[in-house]
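Along the sequence shown, the residues carry numbers beginning at 1. Computed over heavy atoms, backbone and side chain alike; hydrogens, waters and symmetry mates excluded.
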Amino acid sequence: MEMVPSEENQLVLKEVENAAEEPRVLCIVQDTTNAKTVNERLTLNLPASTTLSKLFEDVAHKAGYVNGTFDLAWRKTGDMGPLDPSSEMSLTESGFEPGKRNFLQLSDKDGEQPQIASDESGTAGSSGLDDRQERFIGPLPRDCTVGCSSDYSSPSYSYSSILNKSDTGYVGLVNQAMTCYLNSLLQTLFMTPEFRNALYNWEFEESEEDPVTSIPYQLQRLFLLLQTSKKRAIETTDVTRSFGWDSSEAWQQHDVQELCRVMFDALEQKWKQTEQQQFSPLTADLINQLYQGKLKDYVRCLECGYESWRIDTYLDIPLVIRPFGASQAYGSVEEALQAFVQPETLDGANQYFCERCKKKCDARKGLRFLHFPYLLTLQLKRFDFDYTTMHRIKLNDRMSFPEELDMGPFIDVEDEKSPQTESCTDSGAENEGSCHSDQMSNDFSADDGVDEGICLDSASSTERVLKPKSSLTFELFSVMVHSGSAAGGHYYACIKSFSDGQWYSFNDQHVSKITQEDIRKTYGGSSGSRGYYSSAFASSTNAYMLIYRLKDPSRNAKYLDCDDFPEHIKHLVQREKESEEQEKRQREIERNTCKIKLFCMHPVKMMAMMENKLEVHKDKTLREATEMAYKLMELDGVVPLDCCRLVKYDEFHEYLERSYEGEDDTPMGLLLGGVKSSYMFDLLLETRRPEQVFQPYKPGEVMVKVHVVDLKTDTVAPPVSIRAYLNQSITEFKQLIAQATELSAETMRVVLERCYNDLRLLYVPNKTLKAEGFFRSNKVFVESSESPDHQVTFTDSLLWKLLDRHGNTIRLFVSLPVQSPGTNRTICQKVGGDPEECSEGSKGNRNSVETILEESTEKLKNLSLQQGSSTSDSQKSSDTSDFEHIESPSPSQEPDSSSVSAVVAVDNRELENRIRVASGGSGGGTYSDPETQFPGEERSDSEVNNDRSTSSVDSDILSSSHSSDTLCNADSGPIQLANGLDSHSITSSRRSKANEGKKETWDTAEEDSGTDSEYDENGKSKAESYYLYFRAEPYAQEDGSGEGGQKCVLVHVDKRITLSAFKQNLEPFVGVTSTQFKVFRVYANNQEFESVRLNETLSSFSDDNKITIRLGRALKKGEYRVKVYQLLVNDAEPCKFLVDTVFAKGMTVKQSKEELMPQLKDQCKLDLNIDKFRLRKKTWKNPGTVFLDYHVYEEDINISSNWEVFLEVLDGPEKMKSMSQLAVLTRRWTPAQMKLEPFQEVVLESSSVEELKEKLSEISGVPLENLEFAKGRGTFPCDISVLEIHQDLDWNPKVSTLNVWPLYICDDGAVVFYRDSTEEPMEQSEDERNELMKRESSRLLKTGHRVSYSPRKEKALKIYLDGGPVKDPGQD
């Protein structure tokens, strides 16, 4: 077979062909039905006119299959149905591309494998499938199979032929992810006649239990499907769901022997819970009857012969591969069994205390088998622990096992009740499957209080014990193989059918015949010796569990045939068949369903183009598909059905390719070119008004959206769509536009928007549309008037300016701050005045302020559009929406909320002055200075980061309760703000003094703080330099969120406007100046990020973005947002958030502390004296440099955006006076009490180790010569367990200074532990140590520190009988 590289859409080299020669299509087919061919490719080079039916014939011939028994589908598209084998469409019509590689996938048809063509047809040989004779049952090659190691396959192994299900007669199981261990066990149980038949005899009572959580019922269903299904493989999800597992369990790999134990226990418990036991005597006690054996654990005194013993039960026998400390492994199962029952002598220090001799004597200890189960399970202990490397390892040594195993030599035929023995039969230590020998004690643990085993009666036990050896011959019928290492691997099962004696390999979904030679390859090992290192070079694929059945004709059962099924099983089979038929019909429908994108411009929902997915059967007509699309787009009652039609549409180019006139009765499969996973085009459900007529769209036409421009009103109308041909001239095109728009073609100017920032005036009359750059979908602007603007150069004309503005205008939804009912925006309250007088004055002030706002609005409306030089070269957006006069969505609006249309603004200072005068009232007060700050910042709702800078959470200076929204009077006392709080000035004079005499050679404050100043160097507003378009109108939110005082405006603005100018334009709507509110951009997940760079434009915004305005003073130049945390060194949580505040460049630490004090008092109830707390550097959770009161920000202390500081409350006066000092946090460790003392701070004058020791000796009383110290590790508070601190830290380092290795204590905040070297650790009993360990574990987990002595436990395998795990509410 030809191997072909897998690159897709790569041009295929081919010989030069004449133009008359037909192009050819290269088809590359991957056969996924056969594990041997999954990595190979079939290559066919066919003429482009070849039909699909001929393609199927050619593929069948080349692959050696019978045509019609397989499916072909495109390989890289998962949601696509198979190709139609009966279609007479050509390859090119079906989507095949000549000159390129077309990748197909050959798969099963209806879950059944393709039929191999007979030898007489001559096709079988051509497939190349029959010439491979090498066979092996090892793990099948899979591409990137999860959980499978690269060493699963050995180069010396070949793979068995994977036969069709019709040849093997068996069904595989799908691997969910890493459930190969489960599949192996399930197939083994299914192939056990006694287990399968007993399960069939059990009847599920739906009234007693939910079928979803019933493990026996789901196993019963699975076994029926394995026996009767026509599928190649079936899922196991229903079984695992009954276990109470979720999807994550599929990714957990477990041990198959562990699963066997857990599943048997779950089945036994389920059967015990059911009252129905009359159907089969085996059902209630099935596991014990089939798998449980008995053994005797004895100790015999060698002096007097006294023997003490007890009887235990087991479900499997664990056999050691290589004894501990031995260099050679056991060579066979018989050797390992002999070693299992071989007694050991207890002598020397291990002597046994004999009850009869009343002294310690030499004794013999061992195990004897009393009873072997009907189904004998042997576990080969291939997983061990290497104490040299301290890792788990897998022993790959060779261990042979016979096909027939005689267990007679291992049975104990002695009398159990000899006079010299004492019986301990049925002791409380009896555990199902747990052999109490030294060899097994490490593998199984007793489950106290649970009696899992059911002992057989003494008569039957004696009878079975005394059976002759000939009845103890077992035949092998299942080998569960593990391939991989101790870290992970893959399981599969080799099982012999009791029907025909044939061995099969059950490897997940693949089932194949194998031979005895394949079984022998699972012995493990290599051809060399059995030495100590032989395992390292052996194959990693070897037997792990063996299951034998007793050869007893009286008990050996056969599989139940379908005719012999109990009635309830026959009913279940019928239900499963009906379900499978329904699934098959549904797949057939899916295979013939066309799935294509559907768009519709909804006549009512005008916000955007609606999108959906139309799923229509290929035989449905266009008329029926239109009706389906009509209902899908919810047009019923909006537009009549006869006013809708489906047209071919290109979403990317917004191009209507063609309409389907006269094809209402044509099947959709024919119109769309067949059933495909994806189409190169879409469908548009077009609507019209009843008086309109649909325009036919012909292939080859181009679509043009025509926007009419009115220079008198400065408006751009919504588009009118027309269709034209590329070979039309500009003159003909103008005539076409004139017919559609009723404009004069003689005075018409046509401007083509070709691409982003490219406006072209079409002025050459005879030039064709193609020459001008028209494509599938185009946008033009037309203007037809006799204005003088015609005579001006296009780039200097009003038309160009208007279009430039239009192209850069975006629509934004702005949510204003919440207003309390009954309050107005500009209410001024005179402090200390008469309430009635203030009330009257407020009315007058309100009127005068609103008059000013209205006048300023009119002034803005009348301003002509001006383009500043700094934006003359600004780029124009091509992705913004078409701009037009949009009416308010809500017709009922407040009378005073009129639409404001402005071209950015007016001088902000003038507006402020006029408001200041108007709001002064009779008091004659003045408006507060812009430098004035207000206390009580409201914390923002979310962490905000600007798109281009990292900004800390902005904080509103106003309180979170916006009880009113007022402008403020700073006359002679506290002013009533918009939230009802009193304001006070925050040391603005102090800041100016701090800045006096300082010459700034360079300015990085804007960059560092993430903000820009709103004013230039001359103190003028930067918005004065040029004017950009701004228009706002009231807007009512559809979801009703705008109710209850929430106001919204719909803003149309030129995105080249700066954030500063944008905020100034919003001032009349917010009611405060731009310095007193902040702008937050709202993203799709409702997360808010503040926009803080005032000099940046809105270019990053796009149409329909949402903006939230929040009250609060915006940062000025040189200011920084700062988060303040309290440092609590001796608390469990040492870092506690307090407030957000603002620090300014040039401010001293003392000034910032003065600023903080009222905030801390109001918001945190902390009334602090300025000398009783300090500020210090915060690096994540670690305290750092102590800031002294005279330090200046940006000079002595580097400050940046998103800055954080610690506030630390002092017990006494500040000890740190100089930067040369060093503050160290010390903690004493007292071994005698096994505890750590609280932190104490030590201030050093130098970095001397001797000074540190002297200070520690001084505060602790420990003699200097006995004092030892060590630096803490990790994040503050450097917590460590008292069980580990003694040996884990580097005590008493041999250094003389602190700033060298290994200490590196160069800054404040380092943690130092110290102790008295003469103090002995407290002596503890085992119980006291365990209690301390638990206490320390709890303490460290609460502080978030790792407990290194607590080992990580792997997730245990559990089956939940109640349908799922009980979640611990404490975990949340």
Side-chain angles (χ1 to χ4, degrees), residues 292-326 328-357 359-373 376-381 399 405-446 453 455 461-462 464-467 469 472 474:
Q292 181 177 275
K294 280 190 175 184
L295 54 77
K296 179 197 291 186
D297 185 357
Y298 68 91
V299 180
R300 174 176 291 176
C301 178
L302 295 181
E303 292 189 15
C304 68
Y306 173 80
E307 182 178 292
S308 174
W309 57 275
R310 65 181 179 188
I311 295 178
D312 288 332
T313 60
Y314 63 90
L315 289 182
D316 54 60
I317 303 173
L319 300 180
V320 173
I321 298 289
R322 185 195 299 163
F324 180 77
Q328 191 169 347
Y330 296 126
S332 65
V333 164
E334 293 90 340
E335 282 187 44
L337 281 168
Q338 191 62 48
F340 185 83
V341 298
Q342 181 68 32
E344 63 172 319
T345 301
L346 303 179
D347 55 8
N350 294 326
Q351 277 188 328
Y352 165 72
F353 184 84
C354 179
E355 294 292 338
R356 175 174 294 176
C357 300
K359 65 174 182 175
K360 285 189 175 184
C361 307
D362 290 350
R364 184 166 293 165
K365 182 181 186 300
L367 298 170
R368 296 193 189 102
F369 289 110
L370 300 178
H371 162 59
F372 291 111
L376 179 65
T377 304
L378 304 179
Q379 181 205 4
L380 309 185
K381 297 178 62 177
M399 176 173 277
L405 179 62
D406 183 8
M407 296 298 290
F410 307 103
I411 197 73
D412 183 17
V413 294
E414 297 180 10
D415 185 9
E416 296 180 6
K417 300 288 184 178
S418 63
Q420 295 183 340
T421 63
E422 176 185 337
S423 173
C424 301
T425 307
D426 295 332
S427 67
E430 177 179 320
N431 292 281
E432 176 180 282
S434 294
C435 303
H436 296 272
S437 69
D438 293 342
Q439 299 180 20
M440 305 171 66
S441 59
N442 293 330
D443 294 285
F444 313 111
S445 60
C455 294
S461 297
T462 306
R464 286 172 186 158
V465 166
L466 299 178
K467 279 186 178 181
K469 293 185 179 181
L472 294 179
F474 291 80

Distance in Å, [X] [atom1] paired with [Y] [atom2], rounded so as to fall on 0.5 Å steps:
X: D312; Y: L367; atom1: CG; atom2: CG; result: 8.5 Å
X: K294; Y: I311; atom1: NZ; atom2: CD1; result: 5.5 Å
X: R364; Y: D347; atom1: CZ; atom2: CG; result: 11.0 Å
X: E303; Y: C361; atom1: CD; atom2: SG; result: 4.0 Å
X: H371; Y: L295; atom1: NE2; atom2: CG; result: 11.0 Å
X: K381; Y: L319; atom1: NZ; atom2: CG; result: 9.5 Å

If I compare all heavy atoms of [X] with all of [Y], which pair ends up nearest, and what's the gap?
X: C304; Y: R356; answer: SG-CD, 3.8 Å
X: P373; Y: G293; answer: CD-CA, 3.9 Å
X: Y298; Y: P343; answer: OH-CB, 3.5 Å
X: T377; Y: L315; answer: CB-O, 3.8 Å

Under 4.5 Å between any side-chain heavy atoms of [X] and [Y], yes or no?
X: M399; Y: V333; result: yes
X: D406; Y: E334; result: no
X: F410; Y: F340; result: no

**Message:** Could you work out, with side chain to side chain donor-acceptor pair (under 3.5 Å) as the rule, every residue matching D362, not counting sequence neighbours?
**Reply:**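 Only Q351 meet the side chain to side chain donor-acceptor pair (under 3.5 Å) criterion with D362.
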**Asked** Q338: what forms a side chain to side chain donor-acceptor pair (under 3.5 Å) with it, not counting sequence neighbours?
**Response**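 For Q338, no residue satisfies side chain to side chain donor-acceptor pair (under 3.5 Å) once neighbours in sequence are set aside.
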**Message:** In terms of relative ring orientation, are F369 and Y314 parallel, tilted or perpendicular, with 30° and 60° separating the classes?
**Reply:**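 Because their plane-to-plane angle is over 60°, the rings of F369 and Y314 count as perpendicular.
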**Message:** Could you walk me through whether Y352 and Y306 satisfy the side chain to side chain contact (heavy atoms under 4.5 Å, CB included) test, starting with their C-alpha distance in whole Å, then the side-chain angles of each, then the deciding distance to 0.1 Å, before giving a yes or no?
**Reply:** CA-CA 11 Å; Y352 165 72; Y306 173 80; 4.1 Å; yes
**Message:** Could you work out, with side-chain contact (heavy atoms from CB on, under 4.5 Å) as the rule, every residue matching F353, not counting sequence neighbours?
**Reply:**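 Partners of F353 by the side-chain contact (heavy atoms from CB on, under 4.5 Å) criterion, ordered by chain and then number, come out as E355, K360.
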